[in-house]
Amino acid sequence: MRELEGILKLDEPTQVIEQLTNAEYAFACWRLPNTQETHFIISMEKPKKVEELQIATIGAGFLVNEYAASHPIAPYFISADIILKNDEIHLGAKVNANQIDEFKSRIGGHSKKPSPKEVFSKEKLEVHFEKQVANAVLEINKGTFEKVVLSRYKDEPIPAGFSPWKFFQKINEAYERAFCSMFYI
């Protein structure tokens, strides 16, 4: 797309990701199981939480539900306003000239880094997870569920020189039969 030529260097995904996070643009990239093609989209607006009934009408994009103390079903929607595919840039139908100008300005400028999110103590996370397990067992015993898969996360400091893109590539190689994704909201 001529409007964005020279702004995003598609041959350098690490640099694109750094530009997007510095300018605080939401993006998602993913690879479907047993495929080689990576999908990469950028949203021109802040991700919005969507209700279950809205999902069928929101258009092209990526949905992600956050990990939180309470895990509500209210996913964030990252709209596919810019699509990076096969070393080409495609614009979504709803993108306008003002959005393109702002994007070029923010990506080319020096925007601030996002502030770090709140980090919970290891003990607090363990207690929360134990409560989730107890509730899951209770619900299984009541017959509400046949099976429950719980997950948890672990915050780690990011080492110097860490590349989200290279990490994403390693995950794709290690788990060829899995859905692999990386996103920034």
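What you see below is based on every heavy atom in this structure, not just the backbone, and it leaves out hydrogens, waters and symmetry mates. The structure presented is a predicted model; accordingly, all values stated were derived computationally and were not measured.
Across Ile107 and Gln19, no two heavy atoms sit closer than the pair CG2-NE2, 3.3 Å. Residue Met44 comes nearest to Gln99 through the heavy atom pair CE-O, 3.3 Å, listed as atom of the first residue, atom of the second, then distance.
Residues Glu37 and Lys85 meet the side-chain proximity criterion, which asks for heavy atoms closer than 4.5 Å. Considering only heavy atoms from C-beta on, Glu45 comes within 4.5 Å of Ser79 through its side chain. In this structure the side chain of Val16 never reaches within 4.5 angstrom of the side chain of Glu12, judged on heavy atoms. Proximity of Tyr25 to Ile82: side-chain heavy atoms (C-beta onward) are nowhere separated by under 4.5 Å. When side chains are defined from C-beta on, Asp81 does not count as touching Leu91, because their heavy atoms never get closer than 4.5 Å. Put simply, the side chain of His90 reaches to within 4.5 Å of the side chain of Glu88, judged on heavy atoms. Side-chain contact between Glu24 and Arg106 is present, with at least one heavy-atom pair separated by less than 4.5 Å. Side-chain contact check for Ile17 versus Phe40: some heavy-atom pair is nearer than 4.5 Å.
We find the CG-OG distance between Asn172 and Ser181 to be 9.5 Å, quoted to the nearest 0.5 Å. Between the CG atom of Asn96 and the CG atom of Asp101 there is a distance of 9.0 Å, given to the nearest 0.5 Å. Put simply, NZ on Lys48 and OG on Ser43 are 8.0 Å apart, with the number rounded to the nearest 0.5 Å. Interatomic distance, Leu20 CG to Gln15 CD, rounded to the nearest 0.5 Å: 10.5 Å.
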Check step by step if side chain to side chain contact (heavy atoms under 4.5 Å, CB included) holds for Ile58 and Leu63. CA-CA 10 Å; Ile58 55 179; Leu63 288 172; 3.9 Å; yes
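Residues passing the ring pair (Phe, Tyr, Trp, His ring centres under 6.0 Å) test with Phe167 are Phe162, sequence neighbours excluded. Residues meeting the ring pair (Phe, Tyr, Trp, His ring centres under 6.0 Å) test with Phe168, sequence neighbours left out: Trp165.
For Ile158, the CD1 atom sits in a loose shell: 12 or fewer heavy atoms of surrounding residues, nucleotides or ligands are nearer than 6.0 Å.
Side-chain heavy-atom separations under 4.5 angstrom define the hydrophobic clusters, and the remaining members of the one that includes Tyr76 are Trp30, Leu32, Ile41, Phe62, Val64, Ile78, Ile83, Phe179, Phe183, Ile185.
A salt bridge between Glu139 and Lys142 is present, with a side-chain N of the basic residue lying under 4.0 Å from a carboxylate O of the acidic one.
One hydrophobic cluster, built from ILVMFWY side chains closer than 4.5 Å, cannot hold both Ile171 and Met182; they sit in different ones.
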